[in-house]
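In what follows, chains are A, B, ... by sequence order, proteins preceding strands, each numbered from 1.
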Amino acid sequence: MPSDSGLASQERTIVNKVTVRFAGDSGDGMQLIGNLFATEAAWMGNDLATFPDYPAEIRAPIGTLNGVSGFQLQIGASDVYTPGDNPDVLVAMNPAALKVGLKGLKDGGIVLLNTSSLTERNLQKAGLTKEDLDRIKSSYRLYEVEITKLTQLAVNDLGLTPAQAERCKNFFALGLISWMFNRKIEPTIDWIKKKFAKNPAIMEANEKTLVAGYRYGENAEIFSAFPLYDIPRARMNPGLYTNLTGNQAIAYGLVAAAKQAGLELFLGSYPITPASEILHELAKLKHLNVVTFQAEDEIAGICSAIGASFAGMIAATSTSGPGLSLKQEALGLALMLEIPLVIVDVQRGGPSTGLPTKTEQSDLMQAIYGRHGEAPVVVLAAKNSADCFHMAYEAVRIATKYMIPVIVLSDSYLANGSEPFRIPSPNELPEIKVQLRTDPNGFYPYLRDPKTLARPWAIPGTPGLEHRIGGLEKDSLTGCVSYDADNHEKMVLTRQEKIARVQQDIPDVEVLGSPDSEVALVGWGSTFGAIAQSVDELNRSGIPVAQVHLSYLNPLPGNLGEVLKRFKKVIVPEINLGQLSRILRATYLIETIPFNRVLGVPIRAQEIVEFVHQVFEGVVA
Amino acid sequence: MKMQESASIPKFTRKDLIPGGEVKWCPGCGDYAILASIQKILPELNTPRENFVFVSGIGCSSRFPYYMNTYGLHSIHGRAPAVATGVKLANPKLSVWVMTGDGDAMSIGGNHLIHALRRNLDLKIVMFNNEIYGLTKGQYSPTTQMGQVTKSSPYGVPDYPFSPLRLALGAGATFVARAFDVDGPHLQAILKEAALHKGSAFIEIWQNCVVFNDSVFDPIVSKESRPDHLLYLEEGQPLLFGKDKENAVISEEMSPRVVPASEAPKERLLVHKSGLQDPAYAFLVSGMTYPEFPVPMGIFRNVQSPAYDEILDGQVKKAKAKAKDNSFMALFDGLETWTIN
Ligand SMILES: Cc1ncc(C[n+]2csc(CCOP(=O)(O)OP(=O)(O)O)c2C)c(N)n1
Ligand code: SF4
Ligand SMILES: [Mg+2]
């Protein structure tokens, strides 16, 4: 096992943050080494955020621009909010990856290129010429390494087929990058040993290649002329950590909440990108009292969850925008029934099939207003991958306490990206106290708790509580069908009032950044990181701005109106055409300055910084 | 339900099932008779009243749960099988019934119906077939006869109708039956069989809509028509009909054919068997329609195969036996973790 290079501490440049992008063919294992590099960094105490970025086609032709699969991550010695705007380092496994990956690379950035891939044909497929390569050499710090060939040499005594040997080449790249940034490769070796336990030849080959890549860095002369890097550990809360994607975190948050409530968890779902992993993750957890049901469509997904909730389970359904559209009628039913239900919408580019693998924040309006009738539901949004756990948990807490449906918004970017998640102990998590009604004395299906307005949860199988509920308007006490006009108005107002009461149960918004500044950046969901980073940069460059982040979209936090009125300018960056912006204007009668991008990718901190400059310069009013 | 539980089950009567409040179907609607039949058989099923759940969609027929003093959920149009699926998966001990109409089940809810049947989940799906959309006042449904004039088909229905039984058989339902509103004893016998069946059960009930489709079934079900046009299927019995059972149904080139009983070749005389694994026979008899054939009533298919809830339960048991730990922390088993001090 290689030890830390003796030279490291003297000759390495200490950096606070670095952004690395791995790019290769879909089959080159870029997602894998990206994740493993993230784990190595996490083990060494770095904060980080990752962004997998793969092609929409499952198997795009090899070597083409469409087939490039990328994985970007930022690791740092202080808070890392995003996977980085512009990579410092690009690892390119072939010419197509080089061409695609160069877009956004920092000027003078480092390129590690697998020169074994520079065949006439590959260059042609990527549309690159020898002259292009020369230009790249002059604009970036290009390191040419024959990764494929060196990989084959590393494993040549193991009797693998050439194809098998070549498949290890991603580990060579990982070894080399690990050495450059002084990240320990032990976690990767452990992973290889576990993963390929049943296939010793492949296990050995991958390990050897990894070590060969690491050693190549130590020994190769090319690197000695250039600085090596080190990233000190970040100050993170002590505890046990793991790396979670947003989708995993949603799944685990739901399980944790059900456990806290002392009930079993039900998920009714129909596969859809980018939400399917929530179903996949929960389907593995039968031993933890989780029932998953792959329904025939989204409507059946939510309807089965409604049935399960009626019968006493913590019930959820997961989907993306098109599926949320299909679920809206049933969501109205859940609201009428006043049963607890969690609806997870992992947003993607819309409308219609839109950009299924790309990110967007364009379902906010449909989450808050998408139903017929006066049909308010609670809407929450996760701000980063780890927060997906807490928002899913919070959704269950509110849904059960108020007997109400709760929508959790995530998006493609959070769903696939990962970051360190501190595993909480159950007693750190908020209380979820569920009381299933058993006493028939004085039971009325719609007799409410005076504080929360929740009605009793009385489940089938309980003697003496037999009752009927349904989508028709119901009497405010007995729950029997009622067409009485006054009763209807009372019920409409009561359902709205329930939402209003949730406001007492959620935290006020905090003002981050420079609270006394005149300009606030207000955001929700996954733009949190980019906004935080831009606020950081602006404040450090002497432009005072504040950040206000909304985790609760309906109801909005109680102090929000008062907070927003403190600012002269309220800038609202969103990956849509101004949905939150419109809500803030309508709710608080204030001016807002929307900043909207819909490129299918997260807004970059730099874009926000530039926009704020424009606002200060009066270019944008 | 397990039989040994019966001793401890508090008895209830038909009267206990009447919740009070008005039943709001039109006077003379066939739904009343169906309600009465179900209220009659429930107390005989050895299941406590609180374990019954009636789930419905939207339609006149779907008002049913409001008139049963059990647990009930009147959901949205077409979705009752999906809602009922969640109820049953949440608590397999419950006896879960789906009450639906021909429009609810075969039109807007067709997808949910076929999948519920295909999974063989232990649901009792009772479809009130009045061959019309009653609640919306008289449009044609997927079971309305071709050519019939309705509000939405002034020139006659241009669609070919579904055969509900054949649809259910095609979807793999393990229990498929047909009855009609006014023959209470027959209907009750069928419903009881369905209740005892473990797995998905589909029961089509012909129901007269006095307002929008009055008497459509009379050519078959009226007292005068029955001998010649209706055939009660009886297990192990040959398919004979007529006042004096003078007619027989035989199979000819995989199709049914009516011949005088005296001329029926014994080896081709159809004898009713609902327990055949292969649904071919059930498919054949369910295709006998008026006026060429006597229309069969009874149980077309009744076979056992593992129910969805049983299969799922097996998976859960297996997963639990394999798991070392099922605490909160077990969630993170198998993930790479590290400690920061
Ligand atoms: C989404 C939706 N679409 C349409 C309707 C209107 N609608 C209510 S019941 C019904 C048809 C019911 O027919 P059927 O299921 O045969 O029931 P019946 O009234 O005949 O018993 C329709 C179209 C509705 N309630 N919801
Ligand atoms: S409209 Fe027809 S089906 Fe509906 S209640 Fe009246 S008679 Fe019955
Ligand atoms: Mg009907």
Side-chain angles (χ1 to χ4, degrees), chain A residues 39 42-43 45 187 190-191 236-244 252 255-256 259 264 266 268 285-289 291 293 295-297 299-300 303-313 315 329-330 333 337 423 425-426 459-472 480-481, chain B residues 10 19 21 48-56 58 65-66 68-91 93-94 96 111-112 114-115 312 315-316 318-323 325-332 335-341:
Chain A
T39 306
W43 272 64
D190 283 352
W191 183 89
M236 313 233 302
N237 284 335
L240 183 65
Y241 280 78
T242 186
N243 231 355
L244 288 188
Y252 292 2
V255 179
K259 280 219 168 280
E264 304 199 346
F266 179 91
L285 302 177
K286 293 199 166 50
H287 60 292
L288 297 178
N289 294 326
V291 176
F293 172 61
E296 56 273 19
D297 60 25
I299 301 172
C303 285
S304 61
I306 288 172
S309 171
F310 178 59
M313 289 181 89
E329 187 200 10
L333 172 68
L337 300 179
I423 300 173
S425 74
I459 67 171
T462 318
L465 299 186
E466 294 83 357
H467 66 285
R468 276 73 45 202
I469 53 176
L472 284 168
C480 295
V481 175
Chain B
R49 184 165 62 103
E50 66 270 16
N51 281 3
F52 286 105
V53 184
F54 286 84
V55 181
S56 65
I58 300 292
Y66 291 122
M68 285 291 281
N69 193 7
T70 60
Y71 284 92
L73 205 165
H74 178 222
S75 76
I76 45 177
H77 200 17
R79 318 302 173 193
V83 174
T85 296
V87 173
K88 184 71 187 181
L89 292 181
N91 184 355
K93 280 212 301 275
L94 300 172
V96 184
N111 196 30
H112 309 305
I114 56 175
H115 289 283
L312 206 67
Q315 291 186 353
V316 171
K318 215 166 118 192
K320 286 193 172 163
K322 236 174 62 185
D325 178 11
N326 60 8
S327 70
F328 172 73
M329 286 309 294
L331 254 182
F332 304 95
L335 297 179
E336 306 285 334
T337 56
W338 64 94
T339 303
I340 292 187
N341 299 310

Residues two or more places apart in sequence or in another chain: which of them pass salt bridge (Lys or Arg N to Asp or Glu O under 4.0 Å) with Glu336(B)?
Lys194(A)
How far does CG of Leu331(B) sit from CG of Leu244(A), to the nearest 0.5 angstrom?
9.5 Å
Turns out that what part of Phe310(A) lies under 4.5 Å from chain B's heavy atoms comes down to side chain
Heavy-atom proximity to chain B below 4.5 Å, by part of Asp190(A)
neither
Side chain, backbone, both or neither: which part of Ala305(A) has an atom under 4.5 Å from a heavy atom of chain B?
neither
Heavy-atom pairs under 4.5 Å with chain B are the metric here; pick the option from His467(A), Lys259(A), Met313(A) that has the most.
His467(A)
Of all residues at least two apart in sequence or in a different chain, which pass the side-chain hydrogen bond (donor to acceptor under 3.5 Å, both in side chains) check with Lys320(B)?
Asn289(A)
Close side-chain approach of Thr337(B) to Asn243(A), heavy-atom, < 4.5 Å
no
Among Ile299(A), Thr39(A), Asn237(A), the residue with the most heavy-atom pairs under 4.5 Å to chain B is Ile299(A)
Do Glu50(B) and Leu465(A) have side chains that approach each other closer than 4.5 Å (heavy atoms only, starting at C-beta)?
no
Taking every heavy atom of His287(A) against every heavy atom of Asp325(B), the minimum-distance pair comes out as CD2-O, 3.8 Å
Less than 4.5 Å apart, any side-chain heavy atom of Tyr252(A) and any of Leu335(B)?
yes
So, taking the atom named CD in Glu466(A) and the one named CG in Asn69(B), what distance separates them when rounded to the nearest 0.5 Å?
6.0 Å
Quick one: what part of Leu285(A) sits under 4.5 Å from any heavy atom of chain B, side chain, backbone, both or neither?
side chain
Looking at Cys303(A), Ala311(A), Pro238(A), Gly45(A), which makes the most heavy-atom pairs under 4.5 Å with chain B?
Cys303(A)
In terms of heavy-atom pairs under 4.5 Å with chain A, the winner among Lys322(B), Met68(B), Met329(B) is Met68(B)
Tyr66(B) side chain near Val481(A) side chain, heavy-atom distance below 4.5 Å:
yes
Check step by step if side-chain contact (heavy atoms from CB on, under 4.5 Å) holds for Thr339(B) and Tyr241(A).
CA-CA 6 Å; Thr339(B) 303; Tyr241(A) 280 78; over 6 Å; no
Tyr71(B) side chain vs Ile459(A) backbone, donor-acceptor pair below 3.5 Å:
yes
Considering only heavy atoms, which portion of Val53(B) lies under 4.5 Å from any heavy atom of chain A: side chain, backbone, both, or neither?
side chain
Measuring heavy-atom distances to chain A, does Ser327(B) have an atom under 4.5 Å in its side chain, in its backbone, in both, or in neither?
backbone
When rounded to the nearest 0.5 angstrom, what is the spacing between NZ in Lys286(A) and CG in Leu312(B)?
6.0 Å
Full working for side-chain contact (heavy atoms from CB on, under 4.5 Å) between Ser304(A) and Val83(B):
CA-CA 4 Å; Ser304(A) 61; Val83(B) 174; over 6 Å; no
With a 4.5 angstrom heavy-atom cut-off, which part of Phe332(B) approaches chain A: side chain, backbone, both or neither?
side chain
Okay, His112(B) and chain A: the region with an atom under 4.5 Å from a heavy atom over there is both
With only heavy atoms counted, which part of Asn341(B) is less than 4.5 Å from chain A, the side chain, the backbone, both or neither?
backbone
Answer key: most heavy-atom pairs under 4.5 Å with chain A among Ser56(B), Ala84(B), Ala330(B), Pro65(B) is Pro65(B)
Is the backbone of Ala300(A) close enough, under 3.5 Å, to the side chain of Arg79(B) for a donor and an acceptor to pair up by distance?
no
So which of Pro460(A), Pro463(A), Ser425(A) has the biggest tally of heavy-atom pairs under 4.5 Å with chain B?
Pro460(A)
Would you mind checking which part of Leu240(A) comes under 4.5 Å of any heavy atom in chain B, side chain (CB onward), backbone (N, CA, C, O), both or neither?
both
Does Arg468(A) use its side chain to pair, donor to acceptor, with the backbone of Thr70(B) at less than 3.5 Å?
yes
Contact origin within Phe266(A) toward chain B - heavy atom pairs under 4.5 Å:
side chain
